[in-house]
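All remarks here apply to the structure that follows.
Naming convention: chains lettered A, B, ... in sequence-line order (proteins, then strands); numbering from 1 in each chain. As the structure is a prediction and not an experimental result, all values here were calculated from the model.
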Amino acid sequence: MSLEAQPSSKERDQLRSVRDLLAERGLLNESTIAARLKEENGHRLVDLHTPVPSTSLLEPVDLSDPEALQVIRHSLAHVMADAVQRLFPGTKIAFGPPTRDGFYYDYDKAGPPFGEEDLKRIEALMREIVAQDLPFQREVLSPEEARNRLSKAGETYKLEHLERLIARGEEITFYHHGNWSDLCEGPHVPSTRFLKAFRLTGVAGAYWRGIETNPMLQRIYGIAFADEATLEKHLARLEEAKQRDHRKLGKELELFAFHPWAPAAPFFLPRGALVYNALIDYVRSLYRRFGYLEVITPQVFDRELFLTSGHLPTYSANMFFAASEEGLALIREDLEKAILQEDKAPELAALMKEGVRFALKPMNCPAHALIFKMERRSHRELPLRLADFGRLHRFERSGVTQGLTRVRSFCQDDAHIFCSIDQVQGEIEAFIDLLFGVYKDFGFEGSQIVVATRPEVRIGSDENWNRAEEALFTALRQKGLPFEIAEGEGAFYGPKVEFHLEDAIGRSWQLGTIQVDFNMAERFDLSFVGPDNTPHRPVVLHRAILGSIERFLGVLIEHTAGAFPLWLAPEHIILLTVSERYNAYAQEVLREMQAKGVRAIADLSSEKLGAKIRKARLMRIPYRGVIGEREAQSQTISLTQRDGNQELGALPVQAVIERILSEITPPSMRSSPN
RNA sequence: GCCGCCUUAGCUCAGAGGUGAGAGCAACGGUUUCGUAAACCGUAGGUCCGGGGUUCGAAUCCCCGAGGCGGCUCCA
C-alpha cells in the first residue's frame, strides 16, 4: 500500500507509459519488470511500455514478485518461438502461454518432428538471444496492418486468432524483441536479460485450440523461474516426486502389477490387496455407523438396463460389451444373410445389438434402481442408502490410462441415496461432513471443491437440472465451503460436486463426489408411497468418498511415499532375528501376535541384522522388532518405529501388541487419544 | 483415439550392423550365526515385446501390431 503512487491532478487524462509513470514516482528500479494496474475489481498486470492514463494507480512488480513469474515465462515463450523459427524456417506458431511452472509454445513444423537434439539447439539459441539483452517492445496495429503482417509471414494460426480478436473488438497489439514479433497482448519483461533461469523439458502433441478434430501441433514445454537457484530447487522437487510415483512404488513394494493381456486393469498382489481391503473395511465400518446398507449386484446386464438408465445413448463409448457364443453366431447369420441379399444393411448396427446382448456395468446406479424397484417403497424407508463395492469396467481410450489413477477395471466406494426432495439438503450436508472426516483420517489437508454443471450430452429436463444444480450450490453455501464451477462438466444424468486432491507430481485428481440426480428415478419410474398415501418420485444422490479405490490408493501411495499409516499397512510389524539361533523364540512371538490380530511377519533368514533392517525399511513396515540373546532371555523385543526411525527399547511382547492394537483402527475411531 | 518417445534376465540397466548378449540386485545351493540401512563363494536364469522385411549377417535398420511413458483430448 505504501508503494502505491498517487496521481497528481495535472497528469489526469494523459496516456503515459507505465515506465515513465513509475520513474516519475520514484518506483522504478533495476529489477522492475512490470506493474500492477489497479482497476475497479482487483488489478491487471501491465508491462513497462503499456500506455495507461497518467492518473493510474500502479504498483511495481519486481523480479522477486510471485506475479513476475508469469511475465518471465510468457516472454520466454516468445524467445523460444524466435529461436525455433530461426532454426526451422517456415515453422508456424500458434499459442504460447505461461503455465504453472513454465511455458510452452505450439508449432506447426513441416518435416520430421522436434527431437531431443533439436531441443538442445533451440535452448542454446535461446540463451544467445537472452544474452543479447534485447528489449521487448509493444506496438498497437490497426486490424488491417495486423492482417497484412501475419499473412505476409504466413502465420495462418495467428491470423485465425487475429480475426477472433477483431470480432471481439479488442485492441490489436504486437510484441517484438530483436527482429521477431508476435501478435500478443503481453505483458512482457522490459528486456531479455530478465530471462535467466529456464530449461526446455519436452515435446508433445497438442491439438490446435485444444479441439480433437483440429490438426495436431507440436508443443515444446519449458520450465522457468526468476533465478537459477529456484529452478534447481524445482528440478529437485520433480526428482523427489518421481521417487514417489505410485507406479514405481507399486512395483517396489509389491502392491500391484499390470499385464499386457489386461491393459489398464490392475492386479493387486497380496500386499496391495491387504491395503485395498483395509480401505474397503474402513469405509464399511463407516457405513454401519452412517446408516448405509451394502448390496452386491451383477456384473453383466442385458442392454435393456442401460437403455433404460440412459447409458447406451450417452455412455456407450465408455462401455465394454459382452456377447455369448450364441449371440455371435446370430450376428454371423444375419451378416451372411445381409451379404447374400446384397442388402446394404442399414440395420447392420441393430443386428449387432441383437447378438451382443450384454454389457459390463460401468456404474452401479442402474442396478440400485432395480433393487429400489423390487419392492413397493414407503417414505418410512427413506433415505435408503444403498452401498456397493461392485467392480466396474469402463472402456478408456488407450492413451488416457495411467497407473492406478486411470484404469479400466475398478471399484468405487459407491452408494446411492434414494430420498425425498426435502431430505436432499440434509443428506448432502451429512455427506460432506462424512467426507471431510475421512480425508482427515488419511492426513489429506486441503481438497479443492468443484461443482460440475450440466453437460451438452445429457438426459432429463432443464427444470430438473435447475433444481439439481441449485441443491448442490445451496448445500455448499450452507457449509460455507469455497468452490469453483466447471461449466458443462457434469455427469450425463446430473450435476456433481467433485472433491479433488493432488498427487505427488501436482496432478489434481477427482476422488470423492456427490451428484444430484432427478432423472434416474423418472427413467426407471421409481416411486415411494408418501405419508399422504400417494406415490412420490424419489431423488437419487450418487456419492463416493474415496472415489475409486484404485485411484485413491494411487494418490495415497504418493501422499505417504509408500509409508502407509499402521492401520493401512500390509504388515504392522516385522520381527528380525539377530541370528538363526533366535528363530524359535521369534516364531513363538509371531504366533502370539498373529493370534491377537496383529499383521506380523518375520525375517528368519541367515542375513545379518543390518541387511534385514535395510529390507524392512525399504518395505516401509511401521514397526521392526529385533530379537537376539537379550530379548530371548527377557521375553521382550526391541522395538523401532519406522517413522522417525525411533528406537523404543526392549519391551515385553504384550506391551508391543497393545501398542500396535491401539493404532490398528483409523484415527477417528480410536477410543483413547493417541 | 491423436503426436512423440520407450520395451534386453524377476527388478534396475549396459550393449549404437560383425565372437556363443552382459552387470548389479533378486532367486537357488553352500559357507557364515552375525546387535540396528547391503557377509562371502558358487549356480541357474534370455522367443533382446510380437510378426514381417532389408542384409552375407539384425537386440541394433525399415514396416505392421501390442503394451508402457510424456502430453493433447476425455474422465473416478
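Among the atoms of the strands shown, none is found under 4.0 Å from any heavy atom of A:Phe552. A:Arg219 comes within 4.0 angstrom of the backbone, heavy atoms only, and of no base. A:Lys496 comes within 4.0 angstrom of sugar-phosphate atoms only, judged by non-hydrogen atoms across all strands, and of no base. Heavy atoms of A:Ala264 sit under 4.0 angstrom from primed sugar atoms or phosphate atoms, though from no base atom. Within the nucleic acid shown, A:Gly403 comes within 4.0 Å of sugar-phosphate atoms alone, with no base atom in reach, counting heavy atoms only. Heavy atoms of A:Glu396 sit under 4.0 angstrom from at least one base atom. Among the protein residues, A:Gly210 comes within range of the sugar-phosphate backbone only, with heavy atoms under 4.0 Å from sugar or phosphate atoms but none that close to a base.
Applying the salt bridge (Lys or Arg N to Asp or Glu O under 4.0 Å) test to A:Asp643 and every residue at least two apart in sequence or in another chain returns nothing. A:Lys248 is linked by a salt bridge (Lys or Arg N to Asp or Glu O under 4.0 Å) to A:Glu252, counting only residues two or more places apart in sequence or in another chain.
For an aromatic pair to be called close, the ring centres must be under 6.0 Å apart, and A:Tyr493 with A:His542 satisfies this.
For A:Phe410 and B:A76, the ring-to-base geometry satisfies the stacking test (centroid distance below 5.5 Å, interplanar angle below 30°).
Applying salt bridge (charged side-chain N to carboxylate O under 4.0 Å, His left out) to A:Glu607 and the options A:Lys615, A:Arg614, A:Lys612 leaves one that passes, A:Lys615.
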- Message: How would you summarise protein contacts on nucleotides 34-45 of chain B per nucleotide, using B for base, S for sugar-phosphate only and - for none, with heavy-atom distances below 4.0 Å?
- Response: BBBBBS------
List every contact pair, protein side and nucleotides 2-8 of chain B side both N or O, where the distance is under 3.5 Å.
residue: B:C3; atom: O2; partner: A:Gly205; partner atom: N; Å: 3.1

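If you take atom C1' in B:G68 and the same atom in B:C49, they sit 11 Å apart, rounded to whole Å.
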Just distance, no hydrogens or angles: give the donor-acceptor pairs under 3.5 Å from side chains in residues 452-460 of chain A, sequence neighbours left out.
residue: A:Thr453; atom: OG1; partner: A:Glu487; partner atom: OE2; Å: 3.3
residue: A:Thr453; atom: OG1; partner: A:Gly488; partner atom: N; Å: 2.9
residue: A:Arg454; atom: NE; partner: A:Glu469; partner atom: OE2; Å: 3.0
residue: A:Arg454; atom: NH1; partner: A:Asn466; partner atom: OD1; Å: 3.3
residue: A:Arg454; atom: NH2; partner: A:Asn466; partner atom: OD1; Å: 2.7
residue: A:Arg454; atom: NH2; partner: A:Glu469; partner atom: OE1; Å: 2.9
residue: A:Arg458; atom: NH1; partner: A:Pro455; partner atom: O; Å: 2.8
residue: A:Arg458; atom: NH2; partner: A:Asp462; partner atom: OD1; Å: 3.1

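Picking from B:A76, B:G71, B:G70 the nucleotide with the shortest atom distance to the side chain of A:Arg406 gives B:A76. In the set B:A76, B:G68, B:G71, B:G71 carries the atom at the smallest distance from any side-chain atom of A:Tyr221.
In RNA chain B, consecutive stretches of 3 or more Watson-Crick or G-U wobble pairs with both distances under 3.5 Å are given as paired ranges: B:1-7 with B:66-72, B:10-13 with B:22-25, B:27-31 with B:39-43, B:49-53 with B:61-65.
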